[in-house]
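Notes follow the structure.
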Amino acid sequence: MTYHANEKGYYGQFGGAFIPEMLYPNTEELRQNYIRIMEEPSFIKEFKALLKDYVGRPTPLYFANRLSDKYKTKIYLKREDLCHTGAHKVNNTIGQILMAKRLGKTRIIAETGAGQHGVATATVCALMGIECVVYMGEIDIARQAPNVARMKMLGAEVRSALSGSRTLKDATNEAIRDWINNPVNTHYIIGSVVGPHPYPDMVARFQSVISEEIQSQLMEKEGTPNPDYVVACVGGGSNAAGAYYHYLDNNDVGIIAVEAAGKGVHSGESAATSALGKVGIIHGSKTLLMQTQDGQITEPYSISAGLDYPGVGPMHAHLYTSGRGEFISVTDDEAMEAGLVVSQLEGIIPAIETSHAFAIFNHRKFKKDDIVVINLSGRGDKDLQTYIDYFKL
Ligand SMILES: Cc1ncc(COP(=O)(O)O)c(C=O)c1O
């Protein structure tokens with residue numbers, strides 16, 4: 001039994017490539033080449049060098065003393081917030097821009113919710129001198145203004161998605177439409193472990209550097225590569241996939257995923273996909289999806305733009321239905337309070353997405369000697385205005 005993707009991109013019953021015929025050549029080109037390219041020594045060398053000297057890897061694994069005292073367990077933070085551009089997203093965009101170059105692509109498109117993936121994409125396009133267009137929902141453009149400014153400063157064009165809930169799902173729809181119209185010269189850098197095969201597997205492999213580092217860093221600090229639990233927030237699921245990757249098939253390590261319950265799982269304003277989702281197809285992948293009785297996608301809601309998505313990657317749908325992963329839903333209010341606690345106990349202001357992961361301690365008790373690694377996926381600079389408005393600071 002493995003929790004990794006099979007050759008066709010399936011995790012159990014989830015995954016695959018459900019795409020319009022016009023996209024077939026694009027995804028097929030990628031599918032036929034991605035593993036071969038990722039295994040080329042020159043690719044590995046360039047990828048590792050950029051992760052080290054440009055992104056600033058390895059990111060620290062930090063023992064959070066005061067948080068550990070408060071919650072009476074051993075808490076380590078994997079500091080993806082210290083990556084260049086402020087979140088884990090750049091691990092994937094570095095990998096994909098190198099992939100795009102090897103496939104001879106001259107134009108990049110991306111979707112973004114919180115703007116972190118958009119910034120990470122605009123960054124690597126500037127680095128490589130490649131044209132970049134980022135699609136972003138109109139609502140997200142308003143609530144993540146600092147990241148919109150950063151993308152523009154980096155030379156990217158930000159296009160507003162005006163349909164549906166005007167958030168991440170709608171930005172993704174626009175990006176897919178663009179790709180259909182520009183199939184030859186354009187590579188679509190998807191920002192999470194979602195989309196048609198091979199994206200979920202490819203993005204998980206690029207993000208797997210997170211758990212690779214956790215293993216050696218924990219070995220050094222605790223004499224074991226295995227924590228008792230790895231905890232991460234899940235939007236599409238890429239930071240979680242990276243943090244779990246090398247532990248997926250190791251049952252000694254518990255996997256905990258935290259989703260956004262918005263104003264409450266059953267409030268009608270939520271993005272708690274595992275709790276509310278049914279099997280369906282979104283953005284080319286068979287997965288769990290929030291939908292109406294007749295299969296129309298339900299508009300999601302979360303205070304955090306990066307978790308405001310009605311689906312989840314196929315790896316996570318499989319982790320949930322197989323019982324390998326423990327899934328917990330956290331409301332806006334719980335996440336905001338948890339973000340404040342981490343800020344004031346550890347001097348680290350987390351992205352609101354990540355604050356959801358920290359709310360785990362209000363839902364679940366751990367033993368005193370448990371080693372709990374929280375993947376600190378991003379920093380909260382982009383969210384300051386939301387925190388200020390919420391806490392009336
Ligand atoms: C800091 C941060 N964490 C988490 C996420 C959620 O994405 P994923 O589930 O792919 O890690 C985002 C998305 O924008 C983000 O910016």
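Atoms within each ligand, like the ligands themselves, are counted from 1 in listed order. Computation of the quantities below employed the complete heavy-atom set of this structure, encompassing side-chain atoms and omitting hydrogens, waters and symmetry-equivalent molecules.
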Tell me, which protein residue and heavy-atom name are nearest atom 3 (N) of ligand 1, and how many Å apart are they? Ser377 OG, 2.7 Å
Can you list the ligand 1 atoms lying under 4.0 Å from a non-hydrogen atom of Cys233? 4 (C)
Asn239, any N or O under 3.5 Å of ligand 1 N or O: yes
Kindly assign one of parallel, tilted or perpendicular to the pair Tyr71 and Phe361, based on the angle between their ring planes and the thresholds 30° and 60°. parallel
Counting from 1 in the order shown, the ligand 1 atoms closer than 4.0 Å to a non-hydrogen atom of Gly235 are 9 (O)
Report, in ascending order of atom number, the atoms of ligand 1 lying under 4.0 Å from any heavy atom of Ala351. 1 (C)
Classify the side-chain pair Asn26/His187 by whether it contains a donor and acceptor separated by less than 3.5 Å. no
Geometric cation-pi criterion Lys72 and Phe366, 6.0 Å radius, 45° cone: no
Atoms in ligand 1 with a heavy atom of Gly378 nearer than 4.0 Å: 1 (C)
Number the atoms of ligand 1 from 1 as they appear, then name those within less than 4.0 Å of a heavy atom of Ser192, with their elements. 8 (P), 10 (O)
Among Gln207, Gln116, Lys89, closest by any non-hydrogen atom to atom 13 (C) of ligand 1: Lys89
Between Asp249 and Thr2, does any side-chain donor sit less than 3.5 Å from a side-chain acceptor? yes
Can you confirm if the aromatic rings of His4 and Tyr245 lie within a centre distance of less than 6.0 Å? yes
What are the two closest non-hydrogen atoms of Val134 and Ala156, and how far apart are they? CG2-CB, 4.4 Å
Assess, by modelled atom type and distance only, whether the side chains of Arg79 and Thr59 contain a donor and an acceptor separated by less than 3.5 Å. no
Identity and separation of the nearest protein heavy atom to atom 6 (C) of ligand 1: Gly306 O, 3.5 Å
Looking at atom 8 (P) of ligand 1, what's its closest protein heavy atom, distance included? Ser238 N, 3.3 Å
Quick one: is the NZ or CZ of Arg364 closer than 6.0 Å to the six-membered ring centre of Tyr229, and within 45° of its axis? yes
Reference residue Gln207; test side chain to side chain donor-acceptor pair (under 3.5 Å); the match among Asn92, Asn239, Asn91: Asn91
Return a yes/no value for Val193: is any of its N or O atoms, backbone included, closer than 3.5 angstrom to an N or O of ligand 1? no
Could you list the atoms of ligand 1 found under 4.0 angstrom from a heavy atom of Gly237? 8 (P), 9 (O), 10 (O)
Less than 6.0 Å separating the ring centroids of Tyr11 and Tyr3? no
Is His88 near ligand 1, meaning one of its heavy atoms is under 4.0 Å from it? yes
Take every heavy atom of Ala240, measure it against each atom of ligand 1, and state whether any distance is under 4.0 Å. no
Write out the residue and atom name of the closest protein heavy atom to atom 5 (C) of ligand 1, then the distance separating them to 0.1 Å. Glu353 CG, 3.8 Å
